[in-house]
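Each chain gets a letter, A, B and so on, in the order its sequence line appears, and its residues count up from 1.
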Number of protein chains: 4
Amino acid sequence: MDTSPKASDKLRKGNWKQDPDAVKADILRVATEEFATYGLSGGRIDAIAKRSTVSKRMIYYYFGNKEGLYKSVLEGVYAALRESEETLKVGDLEPTEALALLTTTTFDAYAANPEFIRLIAIENIHNAEYLSRSEVIQKLNKTIIDKLADVCDRGKAAGQFRAFADPLELHWTISAFCFYNVSNQATFSASFGDTLHSEQGQVRLRRRLRDIVLGSVVIGYRPENSD
Amino acid sequence: MDTSPKASDKLRKGNWKQDPDAVKADILRVATEEFATYGLSGGRIDAIAKRSTVSKRMIYYYFGNKEGLYKSVLEGVYAALRESEETLKVGDLEPTEALALLTTTTFDAYAANPEFIRLIAIENIHNAEYLSRSEVIQKLNKTIIDKLADVCDRGKAAGQFRAFADPLELHWTISAFCFYNVSNQATFSASFGDTLHSEQGQVRLRRRLRDIVLGSVVIGYRPENSD
Amino acid sequence: MDTSPKASDKLRKGNWKQDPDAVKADILRVATEEFATYGLSGGRIDAIAKRSTVSKRMIYYYFGNKEGLYKSVLEGVYAALRESEETLKVGDLEPTEALALLTTTTFDAYAANPEFIRLIAIENIHNAEYLSRSEVIQKLNKTIIDKLADVCDRGKAAGQFRAFADPLELHWTISAFCFYNVSNQATFSASFGDTLHSEQGQVRLRRRLRDIVLGSVVIGYRPENSD
Amino acid sequence: MDTSPKASDKLRKGNWKQDPDAVKADILRVATEEFATYGLSGGRIDAIAKRSTVSKRMIYYYFGNKEGLYKSVLEGVYAALRESEETLKVGDLEPTEALALLTTTTFDAYAANPEFIRLIAIENIHNAEYLSRSEVIQKLNKTIIDKLADVCDRGKAAGQFRAFADPLELHWTISAFCFYNVSNQATFSASFGDTLHSEQGQVRLRRRLRDIVLGSVVIGYRPENSD
DNA sequence: CATGAATGAGTTTTCATTCAT
DNA sequence: CATGAATGAAAACTCATTCAT
């Protein structure tokens with residue numbers, strides 16, 4: 001129990017922060033929402049300032065300008081994404097099970113973080129120019145591929161996976177499915193109804209994805225009971 | 001010497017361009033580029049006017065305001081896409097071949113129309129609000145589902161397709177892959193290199209996708225020669 | 001007598017301009033004042049807009065941004081300066097008289113246009129970066145040198161001018177004197193009183209300058225009656 | 001172990017720099033650069049703080065505000081200049097030589113202190129309002145005039161100088177040339193090339209200036225060998 | 001004495017839209 | 001129908017200065 005004057009003081013009177021990391025985190029949190037909702041050009045610095053606990057000026061103090069803030073938001077999103085991938089341990093699982101787990105976990109992770117998906121979609125509209133320029137992000141992309149490479153290697157060694165199974169391709173396939181599921185929900189529902197995005201529909205889609213991914217590389221894979 | 005009122009009128013007013021449809025088409029063409037490149041909030045009316053052959057005022061004259069223009073752009077690309085889907089005749093093909101053709105054709109169509117993809121992505125960022133409000137677009141979405149339904153029916157009747165094969169789900173699956181292939185090329189390449197988006201990589205991905213789609217519903221499907 | 005409706009209309013109701021050149025000239029006039037008084041960073045776009053007849057937006061419409069406006073102001077100043085130099089005809093005068101006239105005329109011109117002097121002083125503080133970048137200004141600097149070259153040539157040919165007389169050096173000498181007279185009046189007066197900048201003082205200084213310039217190149221020159 | 005209150009106090013507060021004069025000098029040095037480069041309104045307190053060894057707060061602590069700092073900078077450069085003028089002893093020299101030395105020394109001093117020149121130019125743009133308000137500077141201006149008065153008196157007494165030779169006018173003339181040489185180098189070079197500001201050009205100009213000044217007051221003065 | 005964090009008030013700049021002709 | 005000129009409202013961004021520690 002921390003009852004030191006300092007800590008309680010900070011909480012008691014919320015007039016002044018003097019805690020740069022907390023302030024930065026707060027700004028980033030609000031900015032992530034804002035940019036995810038309205039895009040880079042649509043997002044408003046004023047709106048971010050108003051919803052955060054500090055003045056607009058601090059955004060410039062810490063992030064330089066709108067693009068700097070956007071870039072930081074993007075880095076945060078990517079870091080969180082890769083961190084979540086890193087957390088997942090599949091090294092002890094049987095190859096097929098490992099791949100299944102990676103697939104469904106990704107499905108759930110993407111579905112649980114629509115903001116991240118939107119921000120990546122936005123970044124694609126900008127031709128990934130900010131992502132490309134970020135030195136931070138370039139470093140954190142290998143984990144998931146390494147994991148899939150390990151699973152592939154073990155699967156092939158065990159004679160369970162087809163020879164052409166490829167980690168990068170598998171990651172792409174899984175990502176495509178999971179990403180589109182979140183990113184295009186709005187237009188797909190508007191065009192074809194929300195059958196696939198109801199709770200039931202998502203459960204079914206998740207199972208379909210697993211079957212498709214496994215079926216594409218596991219020799220003789222049969223969906224247990226699809227419906 | 002033609003001194004008829006009509007001709008002289010034209011000359012007197014200096015109206016060398018009197019074809020409203022051509023003007024509208026020109027504006028739409030430029031606006032499609034602009035919105036696809038910069039998004040709705042990022043797209044500039046000024047920029048559109050400057051690159052088109054007419055003045056800014058005409059944009060307002062024909063499309064009311066920025067949103068109206070955006071909506072028209074959206075309707076335009078949707079119409080073009082659905083029209084291309086309509087053109088494709090698969091009724092005479094064997095179910096498996098028909099499905100394969102639908103898949104690869106979609107892959108090619110999406111890859112050939114990145115502007116369309118970007119606009120849909122943008123529309124999703126706006127929660128499909130303009131798409132939902134457009135009466136025009138709602139009508140255009142039945143064709144592809146009807147075609148897939150026909151293929152599914154025939155496939156199941158022939159004992160070739162699994163019982164759970166579903167036209168909507170198939171369309172969704174095909175779309176997911178083909179859309180993501182274009183929409184996320186920038187960030188995926190930035191993160192993992194452009195292996196999959198090289199010319200070679202795309203040929204391979206296209207074949208993989210066909211195999212995945214067919215493998216997911218065709219009983220006993222085996223990829224002929226995947227690599 | 002122009003009594004056409006158009007012209008009088010414009011004058012009568014000052015609500016809308018629709019006369020780009022007049023608007024631009026008006027903005028430039030006010031901006032010249034503003035920048036001459038407060039410098040580039042000290043000058044306020046708002047203030048310029050308020051004092052001109054049009055809205056702030058028009059400044060950006062016609063001049064792009066603050067620097068563009070400043071550059072235009074600078075170009076205007078230089079153009080006026082060179083134009084005034086061009087007007088002066090000394091080709092028919094005897095060399096000594098010609099040089100005397102060029103000198104005193106420059107003295108008067110600089111003294112009559114303190115704004116120009118200030119703007120050039122300001123530009124020097126900016127290391128002439130805008131002047132250097134202006135293609136317009138680069139073209140208008142030869143006239144005065146040409147005139148002085150002609151006077152020097154004739155003076156030397158007549159055996160009146162010393163052999164080392166140099167048009168560029170003469171221009172520099174005259175300029176230094178006349179420029180400093182205006183540009184440093186404030187600090188000089190603050191330090192040493194305004195003896196030299198009183199009306200009498202200026203008359204005397206002007207004559208001194210003429211004597212100094214003539215004395216520096218005319219063989220055997222004697223100031224007639226200095227005081 | 002020194003546990004005297006004073007020493008421990010210093011350690012406790014973490015004050016590793018306790019020399020106010022050094023701190024002030026450091027701030028002034030950086031501020032002089034800054035204001036000389038960007039002017040009063042263009043100079044940034046932030047930039048000064050960043051380049052100096054202390055924090056922004058100290059600037060306000062020692063100088064009150066931006067204007068106070070600027071005023072101190074101005075006083076500093078003026079003091080340095082007048083001090084250098086004071087150092088120069090010409091009382092023992094023959095009048096003509098004395099005047100020649102004063103002239104060339106001023107030329108060199110100005111050329112060696114472009115920051116001083118720029119600050120005076122800036123101050124002139126502000127109509128010398130800070131200089132006028134400074135009590136410190138008012139006292140520093142007598143020296144040079146006194147020296148020139150002495151030289152003039154001796155020159156006239158010796159029958160060498162013309163009767164109208166005037167110390168203030170001489171100072172003004174010398175200053176004008178030497179000041180302009182530095183202050184307007186940028187625009188003059190941009191307009192007419194850097195002939196006069198090359199190393200060779202400056203040597204020649206310095207000699208010319210001496211000849212001009214001497215020629216203006218010394219009876220029968222002949223430039224020895226002007227080129 | 002000293003610092004980094006924080007800010008209000010102002011300044012530049014942008015942009016969809018409308019007006020006079 | 002068509003245009004260039006014009007704008008208000010809002011957005012990004014800046015900067016001297018002050019505050020809590």
Side-chain angles (χ1 to χ4, degrees), chain A residues 6 9-10 13 15-20 22-24 41-47 49 53-62 64-67 69, chain B residues 9-10 13-20 23 41-49 54-62 64-67 69, chain C residues 6 9-10 13 15-20 22-24 41-47 49 53-62 64-67 69, chain D residues 9-10 13-20 23 41-49 54-62 64-67 69:
Chain A
K6 254 179 168 176
D9 261 13
K10 255 183 204 167
K13 45 173 176 172
N15 47 355
W16 276 58
K17 285 292 135 18
Q18 292 290 40
D19 183 348
V23 167
K24 282 165 82 168
S41 45
R44 297 291 170 241
I45 294 279
D46 262 323
T53 59
V54 289
S55 77
K56 181 168 52 163
R57 187 58 190 79
M58 294 313 287
I59 294 172
Y60 291 91
Y61 185 71
Y62 284 120
N65 57 20
K66 194 180 181 179
E67 293 198 353
L69 178 58
Chain B
D9 262 13
K10 261 184 197 175
K13 290 189 196 163
N15 299 341
W16 41 268
K17 172 160 271 180
Q18 284 282 16
D19 183 349
V23 169
S41 45
R44 299 290 166 246
I45 295 279
D46 262 317
I48 294 166
V54 292
S55 78
K56 203 158 34 163
R57 188 64 190 78
M58 284 297 93
I59 296 173
Y60 287 91
Y61 184 78
Y62 283 121
N65 57 19
K66 193 182 183 180
E67 295 198 352
L69 177 57
Chain C
K6 252 183 169 173
D9 262 14
K10 255 183 205 168
K13 46 173 177 173
N15 49 354
W16 274 58
K17 290 288 136 22
Q18 292 289 40
D19 183 349
V23 167
K24 281 166 81 169
S41 45
R44 298 289 170 246
I45 294 279
D46 263 321
T53 60
V54 288
S55 76
K56 181 167 51 161
R57 186 61 189 78
M58 293 315 286
I59 294 172
Y60 290 91
Y61 186 71
Y62 284 120
N65 56 21
K66 194 181 181 179
E67 293 198 353
L69 178 57
Chain D
D9 262 13
K10 263 184 196 175
K13 288 187 193 164
N15 298 342
W16 40 272
K17 170 162 272 181
Q18 284 283 18
D19 185 349
V23 168
S41 47
R44 298 289 166 246
I45 294 279
D46 262 318
I48 294 167
V54 293
S55 79
K56 202 161 29 164
R57 189 63 190 78
M58 283 298 93
I59 296 172
Y60 287 92
Y61 184 77
Y62 284 120
N65 57 19
K66 193 184 183 179
E67 296 198 350
L69 178 58

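Comparing A/Arg44 and D/Arg44 along DNA chain F, the residue whose closest nucleotide (by nearest heavy atom) sits nearer the 5' end is A/Arg44. Along DNA chain E, the nucleotide closest to A/Met58 and the one closest to C/Lys66 are compared, and the more 5′ of them pairs with A/Met58. Mapping C/Tyr60 and A/Ser55 onto DNA chain E by nearest heavy atom places A/Ser55 closer to the 5' end of the strand. Both D/Asn65 and A/Ser41 sit near DNA chain F, but only A/Ser41 has its closest nucleotide nearer the 5' end.
Rounded to whole Å, atom P of F/dT7 lies 17 Å from atom CZ of B/Arg57. In this structure, CD of B/Glu67 is placed 13 Å from C1' of E/dT17, rounded to the nearest angstrom. In this structure, the NZ atom of C/Lys24 is 14 Å from the P atom of F/dG4, given to the nearest Å. Remark: P of E/dG8 and CD1 of A/Ile59 are 13 Å apart, rounded to the nearest angstrom. The distance between atom OH of D/Tyr62 and atom P of F/dT17, rounded to the nearest whole Å, is 19 Å. Between A/Asp46 atom CG and F/dA9 atom C1' there is a gap of 13 Å when expressed in whole angstrom units.
When the nucleotides F/dA6, E/dT18, F/dA12 are ranked by their closest atom to the side chain of A/Ile45, F/dA12 comes out on top.
A donor-acceptor contact under 3.5 Å is formed by the side chain of B/Lys56 with the base of E/dT17.
Within the nucleic acid shown, D/Tyr61 comes within 4.0 Å of sugar-phosphate atoms alone, with no base atom in reach, counting heavy atoms only. If you check every strand for non-hydrogen atoms under 4.0 Å, B/Gly43 touches sugar and phosphate atoms only.
Here the closest non-hydrogen pair linking B/Leu69 and B/Ile59 is CD2-CG2, 3.8 Å. Scanning all heavy atoms of the two residues, the minimum distance from C/Ser55 to C/Ala49 falls at C-CB, 4.3 Å. Residues A/Tyr62 and A/Val23 come closest through the heavy atom pair CE1-CG1, 3.7 Å.
The distance from the CG atom of A/Asp19 to the NZ atom of A/Lys24 is 11.0 Å, given to the nearest 0.5 Å. Here CD1 of B/Ile48 is found 7.5 Å from NZ of B/Lys66. Values are rounded to the nearest 0.5 Å.
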So what does the secondary structure string of DNA chain E come out as, 5' to 3', with Watson-Crick or wobble pairs under 3.5 angstrom, [ ] for crossing and | for pairs with another strand?
.||||||||||||||||||||
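Nucleotides F/dT21 and E/dC1 have their P atoms positioned 22 Å apart, rounded to a whole Å.
With sequence neighbours excluded, the residues forming a side chain to side chain contact (heavy atoms under 4.5 Å, CB included) with C/Asp46 are C/Lys56, listed by chain and number.
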